[in-house]
Student: 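Below you will find the structure I want to go over with you.
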Amino acid sequence: MAVSDHVDFAAFMEGVRTRNPGQTEFIQAVQEVAEDIYEFIDDKEQYHTAQILRRMAEPDRVVSFRVCWEDDTHRIRVQRGWRVQSNNAIGPYKGGIRFHPNVTESILKFLAFEQTFKNSLTGLPMGGAKGGADFDPKGKSDAEVMRFCQSYMTELYRHIGPDTDVPAGDIGVGSREIGYMFGQYKRITNRWEGVLTGKGREYGGSELRPEATGYGAVYFLQDMLNHKNNSIEGKTVVISGSGNVATHAAEQILKQGGKVLTLSDSGGFVHDPEGFTQEKIDWVKDHKIKRRGRMSEYANEFKGATYHEGLRPWGVPCDLAMPCATQNELNEVEAKTLVSNGVIAVSEGANMPTTLEGVHVFHDARIMYGPGKAANAGGVAVSGLEMSQNAERVSWNHERLGTMLTELMKGIHSQCVEYGDQGDGYVDYAKGANIAGFKKVADAMLAYGVV
Ligand code: NDP
Ligand code: 2IT
């Protein structure tokens with residue numbers, strides 16, 4: 001029988017900081033979760049004795065590898081690639097791959113840690129992982145991206161599999177990159193299997209997967225507002241980003257009768273006071289995703305819109321805010337600006353877009369705050385459904401998947417309410433998501449003993 005080893009919150013976090021020097025994003029993600037979990041497990045000795053949180057804050061494994069490729073001028077380039085497999089207590093490892101020059105082990109460890117809780121919340125059998133490389137797809141030719149993806153997969157393939165670990169897309173990894181990686185996996189292994197999700201519809205991809213994260217984040221926003229007898233209809237919405245998540249979030253806001261005022265990229269933001277119509281969103285999708293252009297060109301295309309170089313959109317007054325670009329893109333000062341401008345709800349399409357201090361501002365102001373691990377779980381949920389379809393060798397139609405996605409998001413919302421309702425009319429969605437996500441994984445880990 002193990003001896004109880006009840007370490008308090010401060011000592012736990014000190015240990016995390018000491019063991020992960022310089023890994024600021026990872027430490028931030030663990031702290032955000034541990035603040036809530038410590039309160040929940042205070043009187044639950046079994047979790048302390050089994051050191052569950054300590055074990056969850058230590059990835060099962062971190063694989064790091066060299067990725068060499070040749071550019072179009074015949075220069076040899078060397079990148080660093082990773083796969084972080086955080087936890088597979090409730091299912092095969094599952095999570096995206098990010099290609100971005102700022103990718104570090106800390107960023108992938110934070111994303112894999114968050115993914116474990118997110119995937120648990122979906123109710124589907126998926127563990128948590130994340131991968132990526134410090135490769136910058138911007139300005140690269142298709143042939144260069146193909147050679148990089150093939151080289152990355154030539155190492156990755158030995159660590160993944162449909163019952164082991166199933167990667168998908170994330171920042172810088174869309175259908176083009178998934179195609180190149182799936183092609184290489186199939187070529188090396190001689191197996192056609194559901195080893196990646198987010199595939200093209202022609203070769204095993206699921207209907208609704210491209211839309212699922214952005215649409216799901218809007219459904220979650222709608223669920224939070226409905227809970228307070230309110231709705232998106234007639235509300236103004238500020239969105240950051242202009243990639244997969246942001247453009248589909250904008251599209252679904254329009255469908256719900258809201259008005260999208262902004263979109264952005266790493267260069268700056270566009271403010272369109274008339275609101276983004278479907279035609280304008282289609283232009284952004286085409287321009288950013290197909291032509292790989294910049295948002296700075298939007299204002300030349302659509303009259304009345306202004307481009308704000310080097311700035312983020314949070315100063316534009318709005319009812320609802322959706323950060324859909326990247327981590328730590330909304331800080332304490334920007335959170336205060338949103339609150340003083342009267343924002344009533346925030347739904348995070350991105351992973352950990354709000355800093356810890358910013359999250360505290362939203363809580364203190366008691367606005368509805370839907371954290372990424374709950375609000376953006378629609379993407380991985382439809383990935384889970386893509387895995388089911390591949391395993392069964394069937395394709396479900398758009399309508400069926402649409403119903404499943406709305407139901408999955410409602411299920412996540414009600415788990416957040418179950419564990420996050422403060423009893424005075426305020427729902428702490430972050431606390432609810434953390435506890436509900438934790439409990440399922442933790443109880444599975446308890447069942448396995450010391451492994
Ligand atoms: P994309 O690559 O399609 O788009 C990313 C967008 O964010 C681009 O507009 C990009 O601008 C902007 N961006 C990226 N890095 C930065 C940065 N450092 N500073 C400012 N802007 C930045 O990615 P996704 O839309 O897929 O992902 C967006 C977010 O959503 C990420 O946090 C991701 O982890 C999360 N997410 C994605 C899911 C999915 O299914 N795709 C699922 C759940 C969460 P630029 O073009 O200038 O780089
Ligand atoms: O952050 C995320 O949830 C994703 N990038 C999607 C992961 C997935 O496996 O679909």
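Atoms within each ligand, like the ligands themselves, are counted from 1 in listed order.
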Student: Between E207 and R201, does at least one N-O distance fall below 4.0 Å, as a salt bridge requires?
Tutor: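 So E207 pairs with R201 through a salt bridge.
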Student: Near C324, which atoms of ligand 1 are under 4.0 Å from a heavy atom of that residue?
Tutor: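 Numbered from 1, ligand 1 contributes 28 (C), 29 (C).
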Student: Determine whether any heavy atom of M126 lies closer than 4.0 Å to an atom of ligand 2.
Tutor: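 It does not, in that no heavy atom of M126 comes within the 4.0 Å cut-off of ligand 2.
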Student: So Q222 and S231, side-chain hydrogen bond (donor to acceptor under 3.5 Å, both in side chains) or not? Walk me through it.
Tutor: CA-CA 6 Å; Q222 188 186 36; S231 78; over 6 Å; no
Student: Just to be sure I read this right, does ligand 1 sit under 4.0 Å from the backbone of S264, its side chain, both, or neither, counting only heavy atoms?
Tutor: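 S264 to ligand 1: backbone contact only, side chain stays beyond 4.0 Å.
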Student: Which residue and non-hydrogen atom of the protein lie closest to atom 2 (O) of ligand 1, and at what distance in Å?
Tutor: G172 N, 3.0 Å
Student: Rounded to the nearest 0.5 Å, what separates atom CG in L124 from atom OG in S388?
Tutor: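 OG of S388 is found 7.0 Å from CG of L124.
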Student: Identify the closest protein heavy atom to atom 25 (O) of ligand 1: which residue and atom is it, and at what distance?
Tutor: V245 N, 2.9 Å
Student: Report the part of R294 (side chain from C-beta onward, or backbone N, CA, C, O) that has a heavy atom under 4.0 Å from ligand 1; answer both or neither where that applies.
Tutor: side chain
Student: N/O of N376 under 3.5 Å from N/O of ligand 1, yes or no?
Tutor: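 So ligand 1 has no N or O lying under 3.5 Å from an N or O of N376.
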Student: Looking at atom 47 (O) of ligand 1, what's its closest protein heavy atom, distance included?
Tutor: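 Its nearest protein heavy-atom neighbour is S266 OG, 2.4 Å.
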Student: Could you check whether atom 43 (C) of ligand 1 has a protein contact, counting only heavy atoms that fall below 4.0 angstrom?
Tutor: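 It does; a protein heavy atom is within 4.0 Å.
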Student: Taking 4.0 Å as the limit for heavy-atom contacts, which would you say applies to A168 with ligand 1: side chain only, backbone only, both, or neither?
Tutor: neither
Student: Under 4.0 Å from a heavy atom of S383: give me the atoms of ligand 2 that qualify, with their elements.
Tutor: 8 (C), 9 (O), 10 (O)
Student: Determine whether any heavy atom of R98 lies closer than 4.0 Å to an atom of ligand 1.
Tutor: yes
Student: So between A377, G349, G379, whose heavy atom ends up nearest atom 36 (N) of ligand 1?
Tutor: G349
Student: Nearest protein heavy-atom contact for atom 19 (N) of ligand 1: which residue, which atom, what distance?
Tutor: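 Protein heavy atom at minimum distance: T326 CG2, 3.7 Å.
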Student: Taking the non-hydrogen atoms of K130, is any one of them nearer than 4.0 angstrom to ligand 2?
Tutor: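 Right, K130 reaches ligand 2.
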Student: Does D71 come within less than 4.0 Å of R77, counting only side-chain N to carboxylate O?
Tutor: yes
Student: Using non-hydrogen atoms of the residue, decide whether G169 is closer than 4.0 angstrom to ligand 2.
Tutor: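 Checking ligand 2 against G169, which is what was asked, there is a heavy-atom contact under 4.0 Å.
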Student: Between T213 and ligand 1, which residue portion shows a heavy-atom distance shorter than 4.0 Å: side chain, backbone, both, or neither?
Tutor: side chain
Student: Would you please indicate yes or no on a ring centroid separation below 6.0 angstrom for F269 and Y307?
Tutor: no
Student: Before you tell me yes or no, could you show the steps for K118 and E114 under salt bridge (Lys or Arg N to Asp or Glu O under 4.0 Å), namely the whole-Å CA-CA distance, both residues' side-chain angles and the distance that decides it to 0.1 Å?
Tutor: CA-CA 6 Å; K118 184 196 303 191; E114 288 282 291; over 6 Å; no
Student: Give the numbers and elements of all ligand 2 atoms closer than 4.0 Å to a heavy atom of G96.
Tutor: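 Listed by number with element: 7 (C).
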Student: Determine whether the side chain, the backbone, both or neither of K138 has a heavy atom under 4.0 Å from any heavy atom of ligand 1.
Tutor: side chain
Student: Using a 4.0 Å heavy-atom threshold (strictly under), name the region of E114 that reaches ligand 2: side chain, backbone, both or neither.
Tutor: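 Neither part.
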Student: Any chance you could lay out the ring pair (Phe, Tyr, Trp, His ring centres under 6.0 Å) test for F148 and F135, step after step, and finish with the verdict?
Tutor: CA-CA 8 Å; F148 177 78; F135 172 74; 4.0 Å; yes
Student: Are more than 12 heavy atoms from other residues, nucleotides or ligands located less than 6.0 Å from atom CZ of R191?
Tutor: no
Student: Does F302 have any ring-ring contact (aromatic ring centres under 6.0 Å, His included) partners at least two apart in sequence or in another chain, and if so, which?
Tutor: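 ring-ring contact (aromatic ring centres under 6.0 Å, His included) list for F302, sorted by chain: W283, Y298.
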Student: Got the closest protein heavy atom to atom 4 (O) of ligand 1, with its distance?
Tutor: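 The answer is G243 CA, 3.3 Å.
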Student: List every atom of ligand 1 that sits less than 4.0 Å from any heavy atom of G241, numbering the atoms from 1 in the order shown and giving each element.
Tutor: 9 (O)
Student: Pairs of nitrogen or oxygen atoms closer than 3.5 Å, one from N376 and one from ligand 2: do any exist?
Tutor: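 By distance alone, the answer is no.
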Student: For atom 28 (C) of ligand 1, tell me which residue out of A325, G293, P323 has the closest non-hydrogen atom.
Tutor: A325
Student: For ligand 2, which atoms have a heavy atom of K118 less than 4.0 angstrom away?
Tutor: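 Heavy-atom distances to K118 below 4.0 Å select 1 (O), 2 (C), 3 (O).
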Student: Are more than 12 heavy atoms from other residues, nucleotides or ligands located less than 6.0 Å from atom NZ of K440?
Tutor: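 Count over threshold, so yes.
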Student: Could you find the nearest protein heavy atom to atom 23 (O) of ligand 1 and give me its residue, atom name and distance?
Tutor: I171 CA, 3.5 Å
Student: Given side chains that start at C-beta, do those of M181 and V195 come closer than 4.5 Å, heavy atoms only?
Tutor: no
Student: Before accepting this row, confirm whether a basic side-chain N of the pair K285/E251 lies closer than 4.0 Å to the acidic partner's carboxylate O.
Tutor: yes
Student: Among all protein heavy atoms, pick out the one at the shortest distance from atom 9 (O) of ligand 1; state its residue, atom name and that distance to 0.1 Å.
Tutor: S242 N, 2.9 Å
Student: Just heavy atoms, cut-off under 4.0 Å: does R209 contact ligand 1 by side chain, backbone, both, or neither?
Tutor: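 The side chain, only.
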Student: Given that the side chain starts at C-beta and the backbone is N, CA, C, O, which of these parts of N351 lies under 4.0 Å from ligand 2, counting heavy atoms, or is it both or neither?
Tutor: side chain
Student: Looking only at protein heavy atoms, which one is nearest to atom 15 (N) of ligand 1, and what is the separation?
Tutor: H100 NE2, 3.5 Å
Student: Report the residue from T355, V333, V339, N331 that forms a side chain to side chain contact (heavy atoms under 4.5 Å, CB included) with V361.
Tutor: V339
Student: Just distances here: any N/O of D170 and N/O of ligand 1 closer than 3.5 Å?
Tutor: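 It does: an N or O of D170 is found under 3.5 Å from an N or O of ligand 1.
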Student: Go through ligand 2 atom by atom and flag the ones less than 4.0 Å from a non-hydrogen atom of A168.
Tutor: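 With A168 as reference, the close atoms of ligand 2 come out as 8 (C), 9 (O), 10 (O).
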Student: Scan R209, K94, K199 and name whichever one has a salt bridge (Lys or Arg N to Asp or Glu O under 4.0 Å) with E386.
Tutor: K199
Student: Looking at side-chain heavy atoms only, is the closest gap between H248 and Q252 below 4.5 Å?
Tutor: no
